[in-house]
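To start, the structure itself, in structure tokens.
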2 protein chains.
Amino acid sequence: MTAKRTKRASIKDLAREVGVSPTLVSFVLNGKQKQYRVSDQVADRIREVAKRMDYKPNGFAKSLREGTSKTIGVIVSDIANPFFANIVKKIETVAEEKGYMALFASSDENSDKLSNLLGRMLCKEVEGVIVVPCEGSEDTIRSLVDRRIPTVLLDRHIPDIRTNYVSLDNRKAGYDATEELIRKGHRKISMICYDLKLSNMKGRIEGYRDAMKDYGLSDEIKIQYVNIGALEKSGAKAIDKIIAEGCKAVVCATNSITVMCLRYIQKLKLNVPEDITVMGFDGGSEFDFYNAPISFMTQPTETIAKKSVDILISQLQENEGFITQIEIEGAITNHTPPQLLTRRLN
Amino acid sequence: MTAKRTKRASIKDLAREVGVSPTLVSFVLNGKQKQYRVSDQVADRIREVAKRMDYKPNGFAKSLREGTSKTIGVIVSDIANPFFANIVKKIETVAEEKGYMALFASSDENSDKLSNLLGRMLCKEVEGVIVVPCEGSEDTIRSLVDRRIPTVLLDRHIPDIRTNYVSLDNRKAGYDATEELIRKGHRKISMICYDLKLSNMKGRIEGYRDAMKDYGLSDEIKIQYVNIGALEKSGAKAIDKIIAEGCKAVVCATNSITVMCLRYIQKLKLNVPEDITVMGFDGGSEFDFYNAPISFMTQPTETIAKKSVDILISQLQENEGFITQIEIEGAITNHTPPQLLTRRLN
DNA sequence: AAACTTTGCTAATTCGTTTTAGCATTTAGG
DNA sequence: CCTAAATGCTAAAACGAATTAGCAAAGTTT
């Protein structure tokens, strides 16, 4: 009673069953009955037998023959991060609409793993890839581009490498976030960011710098770099320093920094926004129950996801060599704590 | 200057270049040099040319020939849900360790989409699938099992269908969650759950019922069904009713219900746990800043993910017909609000 | 009735790989 | 020295589908 899987029926099996050549079966099953003038009688019999034997064409044979897989690879830096999880979801939807399947993987911000995953995906014959590059992945990405593999970088890009990318306009996001605090009357504004060379981080920092300069606050520019591997510890130190310097407002360069920051502020029993105003980044469900008003610079994740697929697939189809680089604007969202909903906010 | 992608070198191209038969190239590149006694001289030349021409074997040809794809399909109900995002991440890791690639997709709890996705995955020649079945997907799953496609259901199962599954021990989870409240001295305990026929929901409800009965609280059993499509509205109504009935404790059957519940309680300006004690489910990052102590029944997501892959792959490799059904125990986790960390908790 | 066209079908090739069977040539054994 | 075995290689088939070229038989023109 062991459930031996029976081999799937092939075109040859159908042909033998119907009593015709495999050619005819192929013609009929690909809707070319008229084009190759197959008689209705035979065509019907073929279709009937195909249904009865539950015929499903072999994807490998098809792809091998046609030289196309209709599959794209997507490697994000952490699929368990809601920001990327949402992007991945949208990518899948858009790809499917366009008749492509998407193969997903997560590099965990590890360049070796990224390189490894890419290799495996290319073995699976993906036609192109959407990649979130991580620190140290420059060579991997470069070889991808050199090998003419259609590539779209997501969320971050590598300035030296000429290839497609879609990301937030990080400079503008950093600028706008800072400007918002300035508009609210702040002058002593710090930024907390990771000590990473990734383009998105650099852009946000640059935006902060530019905004401060534009408003004549060059002397107030203070950037605290925290360590991603020891966020709690380095974050606490950074915030202690910021406060010691008399800062009353801070721009957090990522969502995780925002969470860390607010946690520590809570621990210090300081009030937001009275003691310190926080401008966060992204803003996930972590803040569903956060009980003070803060603002976030949020990214249009769906647009970012859609654009990346659009670019990749048009590249695949047109086989042209031009490059598309898109930086999409973020927007400031205000978080309204549940308790305040009934009160009047200023 | 258009970047025409050049066709990849095949084994034949290498053979021509080296001046030997394709057979030898294949032998060498598959590490069978000794087995088929290829001379070192020729082998070295082949390897050198392969490297120079950047030879990568064609995955389709290989899979077609070998009749195996080393790929599994994974369809969750919502990849943007952190619970599933984490599972997906772990599945990918484990699958890769075992030499398999995982193809992911998200059904959005839509049985048509699920069926569609499955069809496409099977065309891509996945060897087996891990599926989170959604409402109305019984027929789709049944046909999968009937067609002898190695299948593991995740998170939920379908009682009528004999197949592998891995899920939380939902009955025990519901039981333990309820029992915990009873131990704390509560007697008037309600449950809020979705009006769904999914096995996980039914299990949790059954557990709640059993616990109440076991502790002689049959008369206090009160189950409020809320509508997943109108969670806010039906949830508010449910909670109003619970409170009117004098309930001082509630078991929320899912994370989203827990969030809704706590939000509404906040809106009513009631205090947790003084006015009402909440036992949540799963407990995501939504509660990072929640400022009252609550408990959660949490799932061992990593174990669930790992087991599902283990089962699927052993099935694939042993080709045996037995069925494995695993229900893993959950655990109660206490959420300690950040503000209370410095105070003494009772 | 010869010269065509149309109809309905098949054989054979191709995609790139793996593997079996087998063919020379050299080396070893008695 | 002559058989037997080991060495180093190749041809060919197979996996399953798509497609081109082409072959009969029937039908249509002149």
Side-chain angles (χ1 to χ4, degrees), chain A residues 5-47 49-50 53-71 122-127, chain B residues 5-47 49-50 53-71 122-127:
Chain A
R5 255 159 287 137
T6 47
K7 230 186 50 200
R8 260 162 49 187
S10 76
I11 259 189
K12 265 186 217 160
D13 299 327
L14 297 197
R16 199 176 318 119
E17 183 75 12
V18 180
V20 295
S21 72
T23 312
L24 272 201
V25 178
S26 174
F27 286 164
V28 172
L29 264 27
N30 286 310
K32 312 211 167 159
Q33 186 196 337
K34 266 161 284 179
Q35 185 185 338
Y36 291 108
R37 23 164 214 265
V38 182
S39 68
D40 289 346
Q41 210 192 33
V42 169
D44 286 345
R45 248 185 29 254
I46 289 173
R47 274 186 285 263
V49 171
M53 297 177 74
D54 191 32
Y55 171 74
K56 295 275 185 307
N58 180 305
F60 296 138
K62 199 170 203 143
S63 292
L64 174 59
R65 169 68 219 228
E66 302 189 331
T68 171
S69 66
K70 290 286 178 188
T71 306
L122 295 173
C123 283
K124 288 279 170 217
E125 309 301 320
V126 297
E127 294 179 33
Chain B
R5 256 159 286 138
T6 48
K7 228 184 56 194
R8 262 163 47 186
S10 75
I11 260 189
K12 266 187 217 160
D13 299 326
L14 295 198
R16 201 177 316 118
E17 183 74 11
V18 179
V20 295
S21 72
T23 313
L24 272 202
V25 178
S26 174
F27 286 163
V28 171
L29 266 25
N30 287 310
K32 311 210 169 159
Q33 187 196 335
K34 267 160 285 181
Q35 185 185 338
Y36 290 108
R37 23 164 213 264
V38 182
S39 68
D40 289 346
Q41 209 191 36
V42 168
D44 286 346
R45 251 189 22 255
I46 288 174
R47 273 187 288 261
V49 170
M53 297 177 72
D54 191 34
Y55 172 75
K56 294 275 183 307
N58 180 306
F60 296 138
K62 196 171 202 142
S63 292
L64 174 59
R65 167 68 218 223
E66 301 188 332
T68 170
S69 66
K70 290 286 178 189
T71 305
L122 295 172
C123 285
K124 290 278 168 216
E125 308 301 320
V126 298
E127 294 180 31

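Below, read A as the first sequence line, B as the second, and so on, with proteins coming before strands; counting in each chain starts at 1.
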Please report, rounded to the nearest Å, how far the [atom2] atom of [N] is from the [atom1] atom of [X].
X: A:Q35; N: D:dT20; atom1: CD; atom2: C1'; value: 12 Å
X: B:K56; N: C:dT17; atom1: NZ; atom2: C1'; value: 16 Å
X: A:D13; N: D:dA17; atom1: CG; atom2: P; value: 8 Å
X: B:F60; N: C:dT17; atom1: CZ; atom2: C1'; value: 13 Å
X: A:E66; N: C:dT13; atom1: CD; atom2: P; value: 21 Å
X: A:E125; N: C:dT17; atom1: CD; atom2: C1'; value: 12 Å
X: B:I11; N: D:dA11; atom1: CD1; atom2: P; value: 15 Å
X: B:L14; N: D:dC9; atom1: CG; atom2: C1'; value: 17 Å

The side chain of [X] lies closest to which of these nucleotides: [options]?
X: B:N58; options: C:dT17, C:dT10, D:dT10; result: C:dT17
X: B:R37; options: C:dC15, C:dT10, D:dT7; result: D:dT7
X: B:V38; options: C:dT17, D:dC9, C:dT20; result: D:dC9
X: A:F27; options: D:dT20, C:dT19, C:dG16; result: D:dT20
X: A:R65; options: D:dA17, C:dT17, C:dT19; result: D:dA17
X: A:S39; options: C:dG8, D:dA18, D:dG8; result: C:dG8
X: A:K12; options: C:dC15, C:dT10, D:dC15; result: D:dC15

Phosphate oxygens OP1/OP2 of [N]: is one of them under 4.0 Å from a side-chain N or O of [X]?
X: A:Y36; N: D:dG22; result: no
X: A:K32; N: D:dA18; result: no
X: A:K62; N: D:dA18; result: yes

Base, sugar-phosphate, or nothing for [X], non-hydrogen atoms under 4.0 angstrom?
X: A:K34; answer: nothing
X: B:T23; answer: base
X: A:L24; answer: base

Subject >> First of B:A61 and A:Q41 reached from the 5' end of DNA chain C, by closest nucleotide >> reply: A:Q41
Please check if the side chain of [X] supplies one atom and the backbone of [Y] the other of a donor-acceptor pair under 3.5 Å.
X: B:S26; Y: B:P22; answer: no
X: A:R47; Y: A:V28; answer: no
X: B:S69; Y: B:E125; answer: yes

**OP:** Could you tell me how the ring of B:F60 sits relative to the ring of A:F60: parallel (under 30°), tilted (30 to 60°) or perpendicular (over 60°)?
**Re:**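 Answer is tilted, since the angle falls between 30° and 60°.
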Original post:
Around B:Q35, counting heavy atoms of other residues, nucleotides and ligands shown, do more than 12 lie under 6.0 Å from its CD?
Top reply: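 Buried by this count: over 12 neighbours within 6.0 Å.
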Original post:
More 5' along DNA chain D: A:P57 or B:V20, using each one's nearest nucleotide?
Top reply: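 Nearest-nucleotide comparison on DNA chain D picks B:V20.
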**OP:** Report yes or no: do A:K124 and B:T71 form a side-chain donor-acceptor pair below 3.5 Å?
**Re:** yes
